[in-house]
Structure formats: structure tokens, C-alpha cells
S.K.: 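The structure follows.
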Amino acid sequence: MENESYLHELMKCVRCGSCKAYCPTYEEEITESMGARGRLVLLYELSMGHIKPSYRLIDRIFSCILCGACSGTCPLGIDIKEVIYHGRTLLKKPDVSRRLLRLIVKLYVQSPDLCFRLFKASQFLLPKRLNEKILPFPLELPESPFKSNRHVFKTSNNKKRGRIAVFTGCVINFLYPHLAESLTNVLQQLHYDVIFPAGEVCCGVPLRSLGLEDEAKRLAKRNLNIFKSLNVKAILSLCPTCTLALKVEYPKLIGEGIENIMDISSFFIDKLGYFHPLDNTLRFKEAVYHDPCHLSYGLGVTIEPREILKNIGLNLKEAEREGCCGFGGIFSLTFQELSGALLNKRTNDLKKTDAKTIITSCPGCFLQLSRNTENIPVLHLIEVIKEAI
Ligand code: SF4
Ligand code: SF4
């Protein structure tokens, strides 16, 4: 966003407060400055020179989890999330508390493999207390087969339906590569060849969340060059944050996005016939589905995963209300208390349904929810689909 349109957006706000009603951080803290409207007012006052950047102000702007729940609610069409992204670029200089984090994230996007290896080593070498400070939850880092090389997995039969590319994303690549394997397996069973193109880089969202817009633009351009030139039926991603970034946020960031990228439920919805369990062998019969914010608010996809799950034969329960799991990537590290409070609220709502399994479509929600659900298994949608076919 250019400075001019940023100011224009800020001036459009009539302070009606519609956006505040859906803001999870406001709902938790009940403080005006922890809500969408309050943040916009702060950024407006800052841009007019009425207030100066302070620790508290910076805290308020960076405590937005970037869920996007507010953006569709503004009667004037203000793109609140984009405004907050831009506000963060203006605040990154005075924000000394996240300087080291910015440096680490910049290093990570340059050499993700090396950083993960160093992090893995630090888990053994550093004292437990320090490890817990870096990351508040234990994390296994498996060896991913989807590293920098190009991978092509061909379907073995002659009923080929075309080629599908996968945008893997960092969380899947480094934490849950088995989910990418499941996706490959399902696509092959549906007679598609599957490509993991070489050279994919981070979608750029962690950089943008820290106000590093120029660095994010460089990554966006690299991904765009790789994925737009592919001759494929579709590009699939198991991570709604990546999908939203490449499809919706890149056009605002670099003027062009990747149109044919989609989440798996949007792709599989017209292939429902394949998902009837052969002899009702699913390990569970009922589940509750958790909507990832970037899939529901960002991409408007809520019906498709439910349709797929019902078609598979699951008795699908619904939580009484919507809710963010409190992950938000870097947010879960820098606002641990708030992230934990949102997680508790969400898991309580999900547990109240008495469902024996929780299903979601986002690896971030999967990671976060798994921390607080004790004996209730959390599954990514692709695992359920794989089991069903
Ligand atoms: S993006 Fe989410 S947390 Fe941020 S202001 Fe909007 S509703 Fe609140
Ligand atoms: S809904 Fe729009 S106009 Fe109303 S307070 Fe929020 S940003 Fe301002």
C-alpha cells in the first residue's frame, strides 16, 4: 500500500465500530485500543502527528493477529488488514523490541534449511528454560522430502487427468511434510501427476507481519515467477495463509497474484464421489470442524470442507460460535499470553460439542489446537480424505 492510499483509507473511517464486534483481541481484552477501530484511530493520530510512536502504541498495532475478521465488516470497504500491515512498516524503526526477531526472520527466509538445522541443534544444546523462551511449545522437526529440488510424482495408470502443482509452504515443509505426502497420495489416486516446483520461497506473510514489506515483495516476485509459468490444472496449498497471500494479497503487494491457487476443499468439492469410505473404515464417526480465519474470512471457504466431511460419512458437529485459535504465526511467540487465552477459549468451545475428533484445514491451527486438546485428536482435512479413499 502506498502512503497516499494509506492516509486515504485512514481518513475514510467514520468510527462506527462495526469492525470491533468481530475482533478477537478486542473480545479478549475489552480495551478500545486492542480492537480494529482503536488501532485505526491510533494509526490516524500517528499519521497526523498528534501522537508519537511509543512502546504502548507499537504493542497495540503489533497485537493484531491479522485474522482478517474485521475486513469484510467495514461499511466503507476499508481494507483494515492492509492498513495495519502498512502501519507496521512505518513503525518498524522505533520498534526496537522486535529488532532481533526481524533479523532472525530475514535470515530464515534467505536460508530456511540452515535455520531449521540450527534451531534443531539448539533444542539439544541450549538449556530447557532458554528453549522454552524461544518457543513455548515442543516442536519436532522431521526431515522433509520436499526441499529445494523439483519433485514430480507421476500417477501410475493411463487415465491421467492432468498435472497439479503444490505450493508447500514453510509449516508443511518443515513441520508436517507427511501432510504433503498425503495430498500427493490422494491426487495420484485421482489420476493426477503432482509437481513440487523447485525454488519456492516463503509466502512472505511472516515478513509483512513484522513490517518488512520490501523483503516480502522480493519473495512474492520469486514465487510469482515460478508458479505463474506452470502449465497445470491448479495449484493447491494445504495452508490457507499461503493461499490467501498468493491469491489475494500479492496483487495488492506487487500488482499481480497467482489466480489458480486454491485450498484443497475448493478443489476436491466437485470430486465428492471419490470420498465415500469403501467399507466405512474411518476410525471415527463424528467430528467438529474448526474454520481457519484465513480460509473463512479471507477466502470465504466454509461450506466446502463441511460438504466433503459429510460426504465421507461423518456426523459433523458445530461449535456454538466462530473463533480464532490464537496462532497467528509470529503472534503466538510475541503475545504468548493473549495467544494462550484465545486458544483456551476456542478449544473450550470445540470441546463443548463432545466431538471425539477436531478437523481443520490449516497447519497453523493444527499446531495450535493440538497443544490444548489433550486426548482429542486434531487432524488436517487431507488426512481424513486420504483415509476415506
Ligand atoms: S485483523 Fe483480526 S485481530 Fe486484527 S484488527 Fe482485524 S479482527 Fe482484530
Ligand atoms: S467498520 Fe470501517 S468505518 Fe467503522 S470503525 Fe471500523 S474501519 Fe472505521
Side-chain angles (χ1 to χ4, degrees), residues 65-68 81-82 85 105 108-109 112 116 144 146-148 151 164-184 187 194-210 212-213 215-228 230 232 234-254 256-268 291-301 304-305 325 327-332 360-368 380-382:
I65 196 168
L66 298 169
C67 62
K81 204 170 139 193
E82 282 297 315
Y85 270 140
V105 175
Y108 161 72
V109 297
F116 266 89
S144 172
F146 304 105
K147 294 249 172 81
S148 33
H151 298 270
I164 301 292
V166 178
F167 184 90
T168 321
C170 303
V171 181
I172 295 286
N173 198 5
F174 290 104
L175 301 185
Y176 305 123
H178 70 281
L179 297 179
E181 286 170 15
S182 297
L183 176 60
T184 306
L187 287 169
V194 189
I195 307 169
F196 289 76
E200 174 194 309
V201 287
C202 166
C203 67
V205 169
L207 289 165
R208 291 196 84 196
S209 74
L210 289 167
L212 300 167
E213 199 90 337
E215 292 81 349
K217 278 183 188 170
R218 283 199 280 278
L219 296 187
K221 283 177 189 160
R222 277 170 68 181
N223 281 328
L224 186 72
N225 281 340
I226 292 165
F227 281 88
K228 81 170 179 188
L230 295 172
V232 289
I235 299 164
L236 300 188
S237 171
L238 293 161
C239 175
T241 303
C242 300
T243 313
L244 182 65
L246 271 66
K247 196 181 187 82
V248 180
E249 294 178 357
Y250 279 11
K252 299 170 196 169
L253 189 66
I254 54 168
E256 192 178 353
I258 298 169
E259 278 170 25
N260 60 341
I261 186 165
M262 60 180 90
D263 73 289
I264 56 164
S265 57
S266 302
F267 178 77
F268 287 133
D291 286 294
C293 294
H294 293 161
L295 190 60
S296 56
Y297 303 130
L299 295 160
V301 177
E304 294 84 343
C325 71
F327 181 60
I330 286 172
F331 173 89
S332 64
T360 188
S361 304
C362 168
C365 300
F366 174 82
L367 167 68
Q368 175 86 337
H380 191 288
L381 179 65
I382 193 62

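Source: prediction; values computed, not measured.
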S.K.: Hey, does K252 have a side-chain heavy atom less than 4.5 Å from the side chain of Y85?
M.R.: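 They are not in contact (no side-chain heavy atoms under 4.5 Å apart), so the answer is no.
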S.K.: Taking E200 for its side chain and G169 for its backbone only, find out whether a donor-acceptor pair lies under 3.5 Å.
M.R.: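 Flag set: sc E200 to bb G169 pair under 3.5 Å.
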S.K.: Distance from L244 atom CG to C203 atom SG, nearest 0.5 Å?
M.R.: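 Interatomic distance, L244 CG to C203 SG, rounded to 0.5 Å: 9.0 Å.
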S.K.: Write down the atom of N223, the atom of C202, and the distance for their closest heavy-atom approach.
M.R.: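 Minimum heavy-atom separation between N223 and C202: ND2-O, 3.3 Å.
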S.K.: Determine whether a donor-acceptor pair (N or O, by modelled atom type, separation under 3.5 Å) exists between the side chain of K247 and the backbone of I258.
M.R.: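 It does not hold such a pair.
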S.K.: Is the side chain of S332 donor-acceptor paired with the backbone N or O of G328 at a distance under 3.5 Å, no angle test?
M.R.: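 Side chain of S332 to backbone of G328, a donor-acceptor pair under 3.5 Å: no, none is there.
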S.K.: Where do L219 and G204 come nearest, in terms of heavy atoms and distance?
M.R.: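 Answer, listing the atom of L219 first, then G204: CD1-CA, 4.1 Å.
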S.K.: Could you tell me the separation between the CG atom of L66 and the CZ atom of F331, rounded to the nearest 0.5 Å?
M.R.: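 One finds 9.5 Å between CG of L66 and CZ of F331.
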S.K.: Answer yes or no: is there a side-chain heavy-atom contact under 4.5 Å between N260 and V232?
M.R.: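 In contact.
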S.K.: Check P197 against F227 and note the closest heavy-atom contact, atom names and distance.
M.R.: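 In terms of heavy atoms, the two residues are closest at CG-CE2, 3.6 Å.
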S.K.: Got a second to check how far I382's CD1 is from S182's OG, nearest 0.5 Å?
M.R.: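 The OG atom of S182 is 6.5 Å from CD1 of I382, to the nearest 0.5 Å.
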S.K.: Please report the interatomic distance CD1(I172) to NE2(H178), rounded to the nearest 0.5 Å.
M.R.: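 These two atoms lie 8.0 Å from each other.
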S.K.: Which heavy-atom pair separates T360 from P292 by the least distance, and what is that distance?
M.R.: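 So the minimum-distance heavy-atom pair works out to OG1-CG, 3.6 Å.
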S.K.: Mind listing the closest non-hydrogen atom pair of I235 and F167 along with its distance?
M.R.: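 That closest heavy-atom pairing would be CG2-N, 4.1 Å.
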S.K.: Should F268 and D263 count as side-chain neighbours, where that means a heavy-atom distance under 4.5 Å?
M.R.: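 SC-SC contact between F268 and D263 ruled out.
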S.K.: I want to check something: taking the side chain as every heavy atom from C-beta on, are V194 and V166 in contact at a cut-off of under 4.5 Å?
M.R.: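 Yes; the side chains approach each other to less than 4.5 Å.
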S.K.: When you look at L236 and L187, which way does the side-chain contact (heavy atoms from CB on, under 4.5 Å) test go after all the steps?
M.R.: CA-CA 10 Å; L236 300 188; L187 287 169; 4.1 Å; yes
S.K.: Do the non-hydrogen side-chain atoms of L299 and E304 ever get within less than 4.5 Å of each other?
M.R.: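 No, their side chains stay 4.5 Å or more apart.
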S.K.: Could you check if a side-chain atom of H380 sits within less than 4.5 angstrom of a side-chain atom of I264, using non-hydrogen atoms only?
M.R.: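 Yes, close enough: below the 4.5 Å cut-off.
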S.K.: With a 4.5 Å limit on heavy-atom distance, are the side chains of V171 and F366 in contact?
M.R.: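 When only atoms from C-beta onward are counted, F366 and V171 do not touch, as no gap falls below 4.5 Å.
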S.K.: Do the side chain of H294 and the main chain of C239 share a donor and acceptor less than 3.5 angstrom apart?
M.R.: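 It does not hold such a pair.
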S.K.: Before giving the answer on side-chain contact (heavy atoms from CB on, under 4.5 Å), spell out for I164 and F267 the whole-Å C-alpha distance, their side-chain angles and the decisive distance to 0.1 Å.
M.R.: CA-CA 11 Å; I164 301 292; F267 178 77; 3.6 Å; yes
S.K.: Please name the pair of heavy atoms, one in P363 and one in Y176, separated by the smallest distance, quoted to 0.1 Å.
M.R.: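 Smallest interatomic distance, heavy atoms only, reads O-CE1, 3.7 Å.
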S.K.: Give the intermediate values and the outcome of side-chain contact (heavy atoms from CB on, under 4.5 Å) for residues L179 and L183.
M.R.: CA-CA 6 Å; L179 297 179; L183 176 60; over 6 Å; no
S.K.: Quick one: CD on E213 to NZ on K217, what's the gap to the nearest 0.5 Å?
M.R.: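 With rounding to 0.5 Å, CD (E213) is 6.0 Å from NZ (K217).
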S.K.: Would you check, one step at a time, whether the test side-chain contact (heavy atoms from CB on, under 4.5 Å) holds for S265 with V301?
M.R.: CA-CA 8 Å; S265 57; V301 177; 3.6 Å; yes
S.K.: Decide yes or no for E215 and V109: does some side-chain heavy atom of the first lie under 4.5 Å from some side-chain heavy atom of the second?
M.R.: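 Of all side-chain heavy-atom pairs linking V109 with E215, none is under 4.5 Å.
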S.K.: Of S296, C293, C362, which meets side-chain contact (heavy atoms from CB on, under 4.5 Å) against P240?
M.R.: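 Among S296, C293, C362, the one meeting side-chain contact (heavy atoms from CB on, under 4.5 Å) with P240 is C362.
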S.K.: How long is the span from the CZ atom in R208 to the CD atom in E249, to the nearest 0.5 Å?
M.R.: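 If we round to the nearest 0.5 Å, R208:CZ and E249:CD are 5.5 Å apart.
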